[in-house]
Amino acid sequence: MTLVQSIETLIDEMSLEEKAGQLTCLPAARSRATAAAANPDQVELNETEQADAVRKGLVGSLFNGSNAGWHRRMQQIAVGESRLGIPLLFGADVIHGFETIFPVPLGEAASFDPALAERTARAAAIEASAAGLAWNFAPMVDVARDARWGRGVEGAGEDVLVGERFAAARVRGFQGRGDLSEATAMAATPKHFVGYGACIAGLDYNSVDLSERTLRETYFPPFEAGFAAGAAATMAAFNDVAGVPAHANPWLLRTVLRDEMGFDGLVVSDFTGDLELIFHGVAVDGADAARVALLGGVDMSMASGLYMAHLPALVRSGAVPESVVDAAVSRVLQLKHKLGLFDDPHRRTDKPATVDHTAHRALAREAARKSVVMLHNDGILPLAGGQRIALIGPFGEGPGNLHGPWVLFADAAKAIDLASGLRAALGNASLDVVRGCDPEGPIEGGIAAAVAAANDADVIILAVGESEAMSGEAQSRVDIGLPAAQQALADAIAATSKPIVTLLTTGRALVLGEAVARSNAILVNWFLGSEAGHALADILTGAHGPSGRLPISFPVATGQSPFYYDRKRSGRPPETLIDGEQFKTRYREMLNRAAYPFGHGLTYGEIIYLTLDLSHDELASGGTLEICATLENRGTREASELVQLYIHDRVASITPPLCQLKDWRHVTLAPGASCQVSFTLSPDQLCFVGRDCRWTTEPGLFDLWVGPSSEAGLTTSFTLLPG
Ligand code: NOJ
C-alpha cells in the first residue's frame with residue numbers, strides 16, 4: 001500500500017470528531033498560564049482535560065510544552081490509549097535557540113552569512129528535538145521595513161534577497177539536510193503568510209494594504225525560498241490583506257500558495273487567528289469563523305479550539321464539504337508520517353541525539369561576534385589596554401536582556417552579560433559598572449553615580465537601547481528613540497566629555513539622539529544570546545574585528561517610517577532640489593535620508609575600493625556579465641569586508657527602486673593586502689514584476705555598483721540587450 005493509500009484508509013476509519021481533532025493544535029496545558037495571559041481567547045483545558053481530549057482523539061497537536069518527560073507521557077496516551085493510536089505532533093516556537101540561545105534572527109542576518117544561520121538553526125533543532133519537539137514555528141520570513149513594528153526582530157530585515165537566503169538557510173537548518181524522519185529534524189514553518197510586516201503605521205496586527213505587485217516582488221519571495229528549501233509547513237498571518245484576512249483568503253492560501261507556489265505542506269493558523277475572523281468582521285461567530293478559515297485554506301486551527309468545536313457539525317449540516325476536511329487531515333497525517341512519528345512516535349524523546357552544549361556555546365559566541373555591527377569608530381576601538389573603564393547603562397550587567405523577546409525555554413541566568421565578558425577578557429583591569437537607569441525609567445541617584453564613575457574613567461562603555469520587552473509581538477512603538485530615562489543618562493554622560501563607546505541593545509532600528517550620535521564609537525549589538533558578553537568583549541578588545549552589516553536602514557527620525565533602501569525615487573526626487581525649493585520629496589525638517597544605510601558596517605581595517613571592471617558593457621539574454629572589483633586594506637588591522645553588488649534599472653515600465661542588492665561576498669584582508677572580488681550577473685537577476693503582475697525583464701541601461709553599503713561604492717553601467 002502506498003503512503004497516500006494508507007493515509008486514505010486511516011481517514012476512512014476516522015469519525016468527524018477525530019478528523020477535527022487532527023486539525024486541532026492546542027497550547028500545552030502546562031504552558032497555559034503564560035499563553036493565556038498573552039492570548040486570553042485560547043481554549044481553556046487543564047492538564048487532565050487536555051490528556052482526556054488526546055485520549056478521545058480530539059487533539060492532534062500540542063505546542064510550547066518544552067519537556068521530554070511530558071511529551072513522552074502525552075504521546076503514550078495518544079498512541080496507547082486513543083482509539084486509532086495516531087501520534088501527536090509536538091510544536092514550539094524555537095526561534096533562535098532552545099537551551100543555547102543564538103543572536104536574534106535580525107541580529108544574525110547582520111552577519112550576511114546564511115551558512116551561519118543554517119548551523120545555528122541546526123543546533124537549535126538538535127537541542128529542541130531531544131526534548132521531543134518535531135515541529136518548529138520558525139523561521140519568520142516576513143520582510144520588515146517599518147522599524148515601529150516590533151516583530152522585525154524575528155526576521156532577516158528589510159531586503160528581499162537577504163530574506164530569501166536566510167529563509168532557505170534556516171529551513172535547511174531546522175529540518176536538516178537528510179530525511180525529516182531523522183531524530184534531530186524539525187518541520188520548519190516559514191511564517192506569517194503573508195504581508196504581516198507591512199502592517200499600516202507599523203502597528204502589530206493592523207491591516208495590510210499592499211498591491212499585488214508588491215506582494216509578489218517583495219513579500220512572497222522569502223516564502224518561496226523557504227518552500228524551495230523543503231519547508232513542511234507555513235502559518236497564516238494575523239492581518240488582512242487589502243480587506244481580506246489571511247485566515248480567510250483562498251486567493252492567498254489556495255491560488256497563490258498551492259496552485260502557483262506548488263506548496264503541498266501544512267497550513268496552520270496563527271494563535272486564535274481563525275477566531276479573530278469575528279473581530280476582523282468577516283465571520284459572525286465561532287462556527288462561521290471555523291468554516292471561513294477552513295474553506296479559506298487553513299488546515300489546522302491553533303489555540304482557539306474552533307475546529308474541534310464546530311467542524312463536525314459544519315460537515316453534517318453541509319456547510320463544509322467533508323472532502324475539504326479530509327484533504328486537510330491528509331496533510332497533517334502526511335507530515336506526521338514524514339517526521340517518522342507513525343514508525344516510532346517516541347523517537348525524539350527515547351533516543352535523543354547527544355547534544356554537544358560546549359560546541360553550541362562556541363557557535364553562539366561565533367554567531368554573536370559576526371552579528372555585531374560597528375556604525376562608527378573614530379579610532380577609539382579596539383580598546384587600548386590598561387584603561388580604566390566605566391561600563392554604564394541598563395544593559396551592562398545582569399541576566400536580563402541578553403536573549404531577546406522570543407525565548408521560551410532557555411535559562412536566562414546562563415547567558416553571559418557584558419560585564420562578565422569584559423572581566424573575563426581583561427583580567428584585573430579596572431572595570432566600574434554602574435546601571436544609571438532602568439530601560440524605561442530612572443533610578444534614584446542613578447545618573448549622579450554614573451557621572452561620578454564616568455569622571456573616574458578613561459573610557460566609557462555606554463550600554464543603552466531597548467529591553468527585550470520593548471520589541472517582539474505587540475511591541476510597536478510610536479517613537480523609536482531611546483526611552484527618556486536612557487536619553488537623560490546618555491546626555492549626562494556625554495556632558496562629561498569623556499570618550500564614549502556606545503553599545504546599542506535593540507530589536508529594531510533606533511533613532512539616535514545627539515548624545516549617542518556623537519559617541520566616539522557606536523556598535524549595534526541587538527540581543528546576542530547566551531554568549532553575548534564574551535562576543536562583545538572579543539570585539540571591544542580587538543581579539544576579533546567587527547564584520548556585521550545593517551540588514552535594516554537606520555532612519556534619522558521615526559516619522560520617516562517605513563524607511564528602506566530600495567524605495568522608489570518619486571517624480572520629484574530630492575537630488576533635484578535647488579536651495580530653498582520646497583516642492584520635492586522631502587520633509588519640512590529634513591531630507592529622507594538614512595542615518596546609517598542598509599548594508600553599512602565598519603571594520604577595524606581601512607578598506608578602499610580601487611577598481612570596478614565589467615567583462616562586457618552589454619548583457620545578452622541568456623548571457624552573463626562578469627564583474628570584478630579590486631579592494632585594498634590600507635589599515636593596520638585585518639578586516640572582514642562584505643562586498644555588496646547593487647543594480648539600478650534606469651528606465652522600465654514600472655518605476656524602478658533606487659537600487660537593489662543582487663549579491664554579496666565576504667573577504668578577509670590582512671593589513672596592506674589587496675584582492676579581487678568577482679560576481680556573475682545574469683538577466684534573471686534583473687527581473688521585476690511588470691504591469692501584468694508577472695515577472696519580466698526589460699532591455700535597457702542599468703547602473704551597477706560594488707561597495708561597502710547601499711549608499712557607497714564604485715559605479716558603472718551596462719545595457720541589457722533585447723531577448
Ligand atoms: C503568535 C505568533 O504570531 C506566532 O508567530 C507564534 O508562532 C504563535 N503565537 C505561537 O506561539
Side-chain angles (χ1 to χ4, degrees), residues 24-43 61-66 89-98 104-106 121 124 128 133-144 149-156 167 170-171 174 186-199 203-206 208 222-223 226 231-240 245-247 265-277 279-280 293 298-306 404-410 471-476 507:
T24 295
C25 175
L26 296 182
R30 51 195 312 284
S31 65
R32 204 166 55 93
T34 343
N39 299 279
D41 289 321
Q42 69 172 326
V43 72
S61 172
L62 294 171
F63 73 96
N64 285 350
S66 66
L89 175 58
F90 296 116
D93 292 280
V94 182
I95 309 297
H96 54 108
F98 187 70
V104 288
L106 181 64
L133 293 165
W135 182 18
N136 195 358
F137 301 151
M140 190 197 92
V141 304
D142 300 319
V143 171
W149 190 51
R151 299 197 73 172
V153 64
E154 299 173 44
R170 289 180 171 139
V171 166
F174 292 136
M186 292 180 85
T189 312
K191 66 184 186 184
H192 308 80
F193 199 80
V194 64
Y196 186 34
C199 44
L203 179 61
D204 203 11
Y205 315 125
N206 205 9
V208 166
F223 284 92
T234 189
M235 185 185 290
F238 280 131
N239 52 278
D240 62 336
H247 283 73
L266 177 68
V267 178
V268 66
S269 80
D270 201 344
F271 202 111
T272 60
D274 48 1
L275 179 77
E276 292 170 26
L277 296 175
F279 308 108
H280 273 295
V298 176
D299 295 323
M300 183 185 263
S301 161
M302 180 196 289
S304 69
L306 286 195
W406 225 157
V407 171
L408 295 177
F409 310 111
S471 60
E473 187 173 346
Q475 303 309 318
S476 297

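Counting starts at 1 for both ligands and their atoms, following the listed order.
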J.: Taking all non-hydrogen atoms of both residues, which atom of F63 and which atom of P27 are closest, and how far apart?
T.: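 Closest heavy-atom pair between F63 and P27: CE2-N, 3.3 Å.
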J.: Under 4.0 Å, heavy-atom basis, I'd like to know which part of W406 is in contact with ligand 1: side chain, backbone, both or neither.
T.: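 Side chain only; the backbone of W406 stays clear of ligand 1.
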J.: Using heavy atoms and a 4.0 Å limit, tell me yes or no: is M140 in contact with ligand 1?
T.: no
J.: Quick check on contacts: which atoms of ligand 1 are under 4.0 angstrom from a heavy atom of M235?
T.: 4 (C), 7 (O)
J.: Using a 4.5 Å cut-off on heavy atoms from C-beta on, say whether the side chain of H247 contacts that of H280.
T.: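 No, their side chains stay 4.5 Å or more apart.
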J.: Among V208, N206, D204, exactly one meets side chain to side chain contact (heavy atoms under 4.5 Å, CB included) together with Y196. Which residue is that?
T.: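 Considering V208, N206, D204, a side chain to side chain contact (heavy atoms under 4.5 Å, CB included) with Y196 is found only for D204.
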J.: Measure from the side-chain N and O atoms of S301 to the backbone N and O of T24, and report whether any donor-acceptor pair falls under 3.5 Å.
T.: no
J.: How does E154 reach ligand 1, by side chain, by backbone, by both or by neither, if only non-hydrogen atoms under 4.0 Å count?
T.: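 For E154, no heavy atom sits under 4.0 Å from ligand 1.
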J.: Closer than 4.0 Å to some heavy atom of K191 - which atoms of ligand 1 meet that?
T.: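 Per the distance check, 4 (C), 5 (O), 6 (C), 7 (O).
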J.: Quick one: does D270 get an N or O within less than 3.5 Å of an N or O on ligand 1?
T.: yes
J.: With heavy-atom distances below 4.5 Å as the criterion, would you say the side chains of S61 and M300 are in contact?
T.: yes
J.: Run the numbers for me: atoms of ligand 1, each under 4.0 Å from some heavy atom of R151, listed by number.
T.: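 Result: 2 (C), 3 (O), 4 (C), 5 (O).
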J.: May I ask you to test the D93-K191 pair for a side-chain heavy-atom distance under 4.5 Å?
T.: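 A side-chain contact under 4.5 Å exists here.
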J.: Mark the output for N64 as yes if a heavy-atom distance to ligand 1 is under 4.0 Å, and as no if none is.
T.: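 Yes, that is the case, since the closest heavy atom of the residue is under 4.0 Å from the ligand.
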